[in-house]
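Let me begin by presenting the structure, written as structure tokens, before commenting on it.
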Amino acid sequence: MATEDKKTIKVFFVDFWKGFDPENNFFVDRMKLYFQVQIEKQSPDFLFYSWNGYENLKYTNCVKLYFTGENDVPDFNLCDYAIGFHHITFADRYFRLPLFVLYKCFGQLPVNYADTLDKKVYLDRKFCSFVVSNSQAADPIRDEFFAALSKYKKVDSGGRHLNNIGYNVPDKQEFISKYKFNIAFENSMVPGYTTEKLHQPLAASTIPIYWGNPRVEDDFNKEAFVYVNDYATLDQAVAEIIRLDNDDETYLKKLLQPSFITGQRDMDAWLESFDNYIQQVFQNDVPDAKRLPMFGYSAFYRKRRKVVEFICRLPGLKYLIRKVSYNS
């Protein structure tokens, strides 16, 4: 599409994580393929916002798109559209974009590398790695499993949490590639929520010991990792790892499993689907668009959103109101 034929859209980004660049990110890169993108802080027509703050509450006359990579469910009374990892359906207002699509290592996940596998190299690696730096708000099962598996052999912990190697590893991907296994536990168990915890060891050709997303098999091949959720006790999961560690043939058979389930979309398919969605949003919607009540966006809900936004700007109340709204 010629540049002069592209529709101009004014967008901005707020409340994303530290280091997020409003002018250079996944969303802008995809939008520029179809639109002339103008970064407009003061009066955007479309506002992308996330979970890390309240700046979005200052914007009232624009279409709001919420993006979450954390364990929270979008409140469609406060946003016009949402992009997340949950398996939910809300007509054209929601798009499921799993976190793994945004990771560079997604395109590196092996489909089948049997012909290129140097068996001796992979079998001669050290036992198991563990790299965690932020332990706040994590399910205690992760530390419990680390302790249980360490009774069999030392698990090398290279993050700030439970570090036992004397330094913090500078390159996690390179570090875990030197081990046969990697403890890859999510912070919490949420349907659809699969983070880099699983993708990184798969891309490093080490077997993940995974706990988390109870619907992980919707996207990934469970035969490619040890799925702790499937075991009645942690001791049973540890027993399976011990078995794999001592049976080279069985270990290699699991290591050679494809990362994805049969028919899973590849990177190009995910991006095409997302592009179609975002084009639909920007081509059809305008600021202050009036939605049908059946979609939960009647005049009542728009007024409710404005009231909530106003109250949230009052000192001392914004956290409480936001907490109530997001958990209602």
Side-chain angles (χ1 to χ4, degrees), residues 1 6 9 11 13 16-17 20-22 24-35 37 46 48-51 63 65-74 76 79-113 173 184 186 190-205 208 210 212-225 227 257-285:
M1 183 184 297
K6 293 180 178 179
I9 56 173
V11 303
F13 299 81
F16 280 75
W17 49 87
F20 182 87
D21 185 350
N24 183 21
N25 57 71
F26 169 83
F27 302 104
V28 169
D29 289 345
R30 303 313 302 175
M31 289 186 290
K32 282 184 176 179
L33 297 175
Y34 311 97
F35 303 97
V37 179
F46 300 90
F48 285 82
Y49 72 101
S50 195
W51 54 270
V63 174
L65 299 95
Y66 181 68
F67 171 76
T68 179
E70 298 297 329
N71 181 14
D72 64 336
V73 179
F76 288 94
C79 63
D80 300 279
Y81 299 94
I83 301 167
F85 59 85
H86 292 89
H87 292 275
I88 59 178
T89 302
F90 203 167
D92 66 339
R93 294 182 60 190
Y94 180 75
F95 182 82
R96 181 175 184 254
L97 185 70
L99 286 173
F100 59 76
V101 179
L102 305 183
Y103 298 139
K104 291 182 180 180
C105 65
F106 174 61
Q108 302 167 1
L109 295 184
V111 177
N112 191 328
Y113 54 143
Q173 198 78 1
E186 304 287 3
V190 183
Y193 184 54
T194 305
T195 70
E196 79 285 353
K197 304 290 194 307
L198 179 58
H199 317 136
Q200 288 178 334
L202 287 173
S205 298
Y210 183 74
N213 179 9
R215 292 187 59 175
V216 68
E217 70 273 14
D218 289 350
D219 299 312
F220 290 89
N221 175 20
K222 289 202 303 182
E223 297 302 317
F225 49 92
Y227 189 43
Q257 288 289 325
S259 299
F260 298 111
I261 58 174
T262 302
Q264 171 61 287
R265 290 184 288 179
D266 60 16
M267 174 65 90
D268 290 340
W270 277 109
L271 293 181
E272 180 182 0
S273 181
F274 176 77
D275 290 351
N276 291 337
Y277 175 77
I278 211 69
Q279 287 182 77
Q280 170 189 292
V281 171
F282 290 147
Q283 291 287 8
N284 298 334
D285 218 329

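- The shortest side-chain heavy-atom distance between Ile83 and Phe27 falls under the 4.5 Å cut-off.
- Across all their heavy atoms, Ala224 and Pro208 have their closest contact at O-CD, 3.7 Å.
- Within the 3.5 Å criterion, the main-chain N or O of Leu65 finds no donor-acceptor partner in the side chain of Asp80.
- In this structure, Tyr66 and Tyr49 have tilted ring planes: the angle between them lies in the 30° to 60° band.
- Ring pair Phe20/Phe67: centre-to-centre distance not below 6.0 Å.
- A heavy-atom distance below 4.5 Å is not found between the side chains of Val11 and Phe35.
- Side chain of Arg30 to main chain of Phe274: no donor-acceptor pair is present (N/O by atom type, distance under 3.5 Å, no hydrogens or angles).
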- Task: List the steps and the verdict of side-chain contact (heavy atoms from CB on, under 4.5 Å) for Leu202 and Phe220.
- Result: CA-CA 10 Å; Leu202 287 173; Phe220 290 89; 4.0 Å; yes

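- Atoms OH and CZ, on Tyr210 and Phe225 in that order, are 7.5 Å from each other to the nearest 0.5 Å.
- Between Arg93 and Cys79 the shortest heavy-atom distance is NH2-O, 2.8 Å.
- Counting heavy atoms from C-beta on, the side chains of Val190 and His86 come closer than 4.5 Å.
- Tyr227 and Pro214 make their closest contact through OH-CA, 3.3 Å (heavy atoms, listed as atom of the first residue, atom of the second, distance).
- Relative ring orientation between Phe16 and Phe13 is described as perpendicular, the plane-to-plane angle rising above 60° on a 0-90° scale split at 30° and 60°.
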Checklist entry - So His199 and Thr194, side-chain contact (heavy atoms from CB on, under 4.5 Å) or not? Walk me through it. => result CA-CA 8 Å; His199 317 136; Thr194 305; 3.6 Å; yes

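- Side-chain contact check for Met31 versus Phe48: some heavy-atom pair is nearer than 4.5 Å.
- Tyr81 places no side-chain N or O within donor-acceptor distance of the main-chain N or O of Ile278, the cut-off being under 3.5 Å.
- In this structure, the side chains of Phe85 and Thr195 stay at 4.5 Å or more apart for every pair of heavy atoms.
- A salt bridge does not link Asp218 to Arg96: none of the charged side-chain nitrogens sits closer than 4.0 Å to a carboxylate oxygen.
- Side chain of Gln280 to backbone of Asn276: no donor-acceptor contact under 3.5 angstrom is found.
- Of the possible donor and acceptor atoms, none in the side chain of Lys6 sits under 3.5 Å from a partner among the backbone N and O of Val37.
- Gln173 places a side-chain N or O within donor-acceptor distance of the main-chain N or O of Gln200, the cut-off being under 3.5 Å.
- A donor-acceptor pair under 3.5 Å is formed between the side chain of Asn25 and the backbone N or O of Pro22.
- Interatomic distance, Leu271 CG to Leu97 CG, rounded to the nearest 0.5 Å: 8.5 Å.
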